[in-house]
Asks: 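This is the structure I have questions about; it appears just below.
Proteins get letters first, then strands, A, B, ... in listed order; numbering begins at 1 in each.
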Amino acid sequence: MYPRSFHYHRAGSLKEAVSMLGQLGEGAKFLAGGQSLIPLLKLRFANPEHLVDLNFISGTSFIKEDSGALHFGAMTRHAEIEHSALARMIPVLHDCAAGIADVQVRNRGTIGGSLAEADPSGDWANALITLDTTVHCLGPNGTRAIHLEDFIKDAYTTALAHDELVTEVEVKIPPQGSGGAYLAFKRSAPVYPSASAAVQLTMAGDVCRDAAIALGCVGLTAIRATEAETALRGKSLNDKTIATAAETARAAADPQSDMRGSAEYKRQLVVALVKRAIQIAVRRARGEQIEGAHLYA
Amino acid sequence: MFAEAPNIVAEEKKNGSGRWVGASLPRKEEDRLLRGRGKFVDDIKLREMTYLRFVRSPYAHARIVSVDTSAAEALPGVVCTITGKEVAAQTQPFIEIAPDHAQKIRDFPMAVEKARYQGEPVAAVVAESPSLADDAAELVQVEYEPLEPVVDSEQALLDKSILHEEAGTNRIWTGIWEFGDVEKAFQEAAYVVNIDRMHFHRFSSTPLETNVVIGQWDPKEDRIHYWCNNSFPAFAIQFLAAHLAVHIDRIRVQTSDIGGSFGIKITSYPQMSVCALASKKAGGRPVKWVETRSEHMISSAHGNERTFRDTRVALDKNGEITAIASRHIDDCGAYPRYEPLGCVIYSQVFCGTYRFKNARIEFTQTVSNKCPVGPNRGYSRMQHLWFLERIVDICAHEIGIAPDEMRLRNYIRTEEFPYTTPNGCVYDSGNYPKMLEVAKGLIGWDDWKKKQADARKQGRMIGIGIGTTLDSGTNNFGQSQIVNPNAPFSGNSQGANCKLDIYGEVVVAVGSCPQGQGHETVSAQVVADVLNIHPDMITVRTGFDTERNVHTGMSGTYASQFVVSGLSAVHGAAQKLKAEMKRLAASVLETKEDDLEFGVGQQGPEIKAKSTGKSINYWGLANIVNVNSAVLTPELQDVTLNCRYIWRANFKVPDKAKKYGNLTLTYSSQLHIAVIEVDRDTFVPKILDYVAVDDCGVVINPRIVEGQVYGAAAHGIGAALMETCAYDAVGNMLTSTFSDYTPITAVNIPNIRYGHISTPSPFTYSGAKGMGEGGAAPIHTISAALQDALFAQGIFINNSFNNADSIFRSLKYREGGQLAEQVRLEKR
């Protein structure tokens, strides 16, 4: 199908984009990579009167390291992160970027757009929530920095005001001895995952000093599996402790039954994904270079 | 003297045999298609084109109280609207193939009184642009009164809610196939295996190009011109002419490149009707309809869904099956359309690859509030072959025989070909034990058996499964008389034309509409051998066009038959042309016909007199006939060098009462083996190894055959593990997008290892057998491998669709089939 007609505006700067949206009012929306918005327009599920295109603003796509953190411009494409040597410093980021949908989507979709969309099945929020992530925003009243936990409010709901946008995503580089992994189960490449798990560990030898575990696609937002994290902290990690921790994630998930899987099956998937993600994270914390591949049906 | 210089890769030689047939020639079509230079219907732009959008029912079953199109008509840029009522007022209902009460069904291309499936068109709007048509469609107000939906065939048989009141029942057709002495076989059996219920799921094909129609009904000429991608246009025009009450000669159908059909595009004639009627209302402006993907998923056509009830199998003490009795219930969706032909087409492979003689099948078809079915690749036979393969594996397990050994004991013996089945079909050729041997060798059967035993000790669930299947092709339309004794169809035919054009170009036209099967290439190979020239010296016009006059009422591309019907027609036309060329050349070169040699000389393709060395090239021959005819001698006045040939299969009308007769000309066979491991954490059934062995007799182009095998294997693997047309309890379709339907993609396709044997068909001029559909071998094979992996857990694979979720639920919650409850062995 074709979208309803709308007015198209091309912003020359982020500041201009913000002021345009303010002037155009509630019927206006930002257009970033468009990988969620365009399909919604085509199905006429979203019918904005105005689109303000962010794609022609220079200086919004970058990856740099500064003050112990990686900084991603909001318009940085998934594919740019996938192929970035810098982003590989934090393996979770590479895992996530390389597994999002298919090549076409990764070439267009942006990290800022994905976070601002806050789709419960989106990948980025789930991967980034296991890290120390700050979302930098720009609104009519200037800039603000919001920690990711406070940024994502609910399904499709963020802390952003209507005329506020994401400018940059800042991710603290984890300390020495850290390892992480992001794994999603997808029935085929282009579709949203049935479930995903992100794990970030800080290890001292075999002992887990700190753990962050998040579950994706199984609730309105990414869910922190706090009991599973507790089950790992201070423990020497082996098959048994890992399996026990993974098993506690089953109850943390709150999935719905749909074509991607029954609720019971998604809980089972969560356990399997958490287990594998921990195993990969442990090996990466030891300095092993291993690819964490997504699982497909 | 030919339009294009040969651009073929120089090293592509004839396969040692001195013939082009049998060579792995790259496809003539590839250059055009891979460079994006193909011409598809949506590429066609016509002056004053308008665009049609359907308004569709959100309900599976609802009475239409009112349709208000006034707001849509008031929108600037809207040309007209058309409703189901208007269509019904101007047309006859489509022909029903089913007899008796089902003849009363009133099938129109849009819902009139009632909508009978979610997505059924209720009205259409025609506008100056596609987006305006979308805008206008949103303004059409339809008031519905929801009715009780029927979404299951066994529920449909209860007739609590009836779809077609005129017919009085949801049952469309019932027939009994009974052969041999079934009672006696059960009395004498050493074992009887009882199987409660099995189910073959509903899935479809997802051609890259959806249905597209441009229809123009010019009031000045009173003729209808279609540009479309219907894959059986000769059938479509027969339905449309009766329905629109126009002379069939006044309907012109043209197809161009088609981006896949898999049978699903056979049933686009209802939309073709609406485009013509809308064009008429729009004053004769052309009306284009391009189906969206979601429309394709909810309302193009799905494959037949079938339930197998109360199956009983009799076996002797050696495990040889002696009789099968069962009740089959097929669900054809909301309107029968091409059905109930599936109710007889299954019986082309009545006994599968097996030699049992006694059988009783009661076959019933019902309607339901789901998308109408269409002949989806493997049409109606794959359901039955899956059923037989399940029986073989279950029986083997119950009486303790290995599945490979069980098959060897039951396969039709190689020396028995041509083999007459219990219902009178004649299997032309085959060697099933040899295929099994080749497949076992390729997969490393013994190695995998060892690995499987070791893995089982560690609690891993690995299964090895065999699927044997048939791809019956070139059907005898006389089988339609088994479902309806008054059906005026029998036999099979195809037309082709082969000519020298005015400047001597060799031009072949054939009444097919290929969708990726390489008809241009293989037709050129056949003609090149007849004339002893290079295939690149031959232009092949593919794509159906009623005005080319090379079609019969059975022309199209469907049912695994081009290599037989199409190439036999091409071969016949080329032979006819060659005979005329010989007569003409003998006269001109003043020699005898047997002194002539066909070949390529310095001035292109030519005919040479061996005795004198004199030759005449094709330009010279064509010149005489076309523009220099005063030189023709009286006895050559009938030479036209423009030769039409109609090929007909040598079929008889089957015995309708006994349901006995030969229903198909050729039987390709496929044997696949899969090794699958069910992951103990994710329950994902992962294919560890996969082998596909094919036998389609003499191969015209090995590269094309191999490509077809991979394509069919991918489609089947998708169907077995990923693709299902799911509906909820009230008939909402749950898989209307690719995100939900998840057609198989490259990441899901295992490495498939291909093997081949060849048992030439004695019934075709070339020894080739049709093979495009592939018999859905992966569905049988994957079910077999999963069954092998899960026997130890007491699981009964009773559904053709299995994924990680369903396997998880059957293992953890005992939701799926359970051997102990649903399969019962009686030892006598």
Asks: So which part of B/A804 gets closer than 4.5 Å to some heavy atom of chain A, the side chain, the backbone, both or neither?
Replies: both
Asks: Are more than 12 heavy atoms, taken from residues, nucleotides or ligands other than A/N238, located less than 6.0 Å from that residue's CG atom?
Replies: yes
Asks: As an exercise, state the distance from OG of B/S736 to CG of A/L43, rounded to the nearest 0.5 Å.
Replies: 8.5 Å
Asks: Given that the side chain runs from C-beta out, which part of B/T292 has a heavy atom under 4.5 Å from chain A: side chain, backbone, both or neither?
Replies: side chain
Asks: Around atom CG of B/L208, are there more than 12 heavy atoms from other residues, nucleotides or ligands closer than 6.0 Å?
Replies: no
Asks: Can you say whether A/Y192 sits under 4.5 Å from chain B via the side chain, the backbone, both, or neither, judging by heavy atoms?
Replies: neither
Asks: How far apart are the closest heavy atoms of B/D134 and A/Y2, and which atoms are they?
Replies: OD2-N, 2.7 Å
Asks: Please look at B/L721 and chain A and tell me whether the side chain, the backbone, both or neither of the residue comes under 4.5 angstrom of a heavy atom of that chain.
Replies: neither
Asks: Salt bridge between B/D679 and A/R276, side-chain N to carboxylate O under 4.0 Å?
Replies: yes
Asks: Decide, yes or no, whether a salt bridge links A/K275 with B/D681 under the criterion of side-chain N to carboxylate O below 4.0 Å.
Replies: yes
Asks: Would B/E138 and A/R44 pass as an ion pair if we require N to O under 4.0 Å?
Replies: yes
Asks: Going by heavy atoms in the side chains, are B/V684 and A/F185 under 4.5 Å from each other?
Replies: yes
Asks: Looking at A/S5, A/P190, A/G261, which one has more heavy-atom pairs under 4.5 Å with chain B than the rest?
Replies: A/G261
Asks: Can you tell me which portion of B/F738 sits under 4.5 Å from chain A's heavy atoms? Options are side chain, backbone, both or neither.
Replies: backbone
Asks: Does atom CZ of A/F45 have more than 12 heavy-atom neighbours, drawn from other residues, nucleotides or ligands, at distances under 6.0 Å?
Replies: no
Asks: Any side-chain to backbone donor/acceptor pair from B/D805 onto A/Y265? Under 3.5 Å, distance only.
Replies: no
Asks: I need the residue from B/I687, B/V290, B/D135, B/T737 with the largest number of non-hydrogen atom pairs under 4.5 Å to chain A.
Replies: B/D135
Asks: If I measure from the heavy atoms of chain A, does B/P743 come under 4.5 Å with its side chain, its backbone, both, or neither?
Replies: backbone
Asks: What's the spacing between B/E723 CD and A/S188 OG if we round to 0.5 Å?
Replies: 9.5 Å
Asks: In Å, rounded to the nearest 0.5 Å, how long is the span from CE of A/M259 to OG of B/S739?
Replies: 11.5 Å
Asks: Of all the heavy-atom pairs spanning A/A272 and B/T682, show the shortest one and how long it is.
Replies: CB-CG2, 3.6 Å
Asks: How far does CZ of B/F808 sit from CD of A/E264, to the nearest 0.5 angstrom?
Replies: 7.0 Å
Asks: Looking at B/E815, I'd like to know if its CD atom is crowded, meaning that more than 12 non-hydrogen atoms belonging to other residues, nucleotides or ligands lie closer than 6.0 Å.
Replies: yes
Asks: Are more than 12 heavy atoms from other residues, nucleotides or ligands located less than 6.0 Å from atom NZ of A/K240?
Replies: no
Asks: Relative to chain A, which of B/T745, B/N803, B/D740 shows the most heavy atom pairs under 4.5 Å?
Replies: B/D740
Asks: Please round to the nearest 0.5 Å and tell me the distance separating atom CZ of A/R4 and atom OG of B/S131.
Replies: 12.5 Å
Asks: Tell me, for A/L295 versus chain B, whether the close heavy atoms (under 4.5 Å) come from the side chain, the backbone, both or neither.
Replies: side chain
Asks: Does A/E49, at its CD atom, have more than 12 non-hydrogen atoms belonging to other residues, nucleotides or ligands within less than 6.0 Å?
Replies: no
Asks: Please check if the side chain of A/R187 supplies one atom and the backbone of B/I744 the other of a donor-acceptor pair under 3.5 Å.
Replies: no
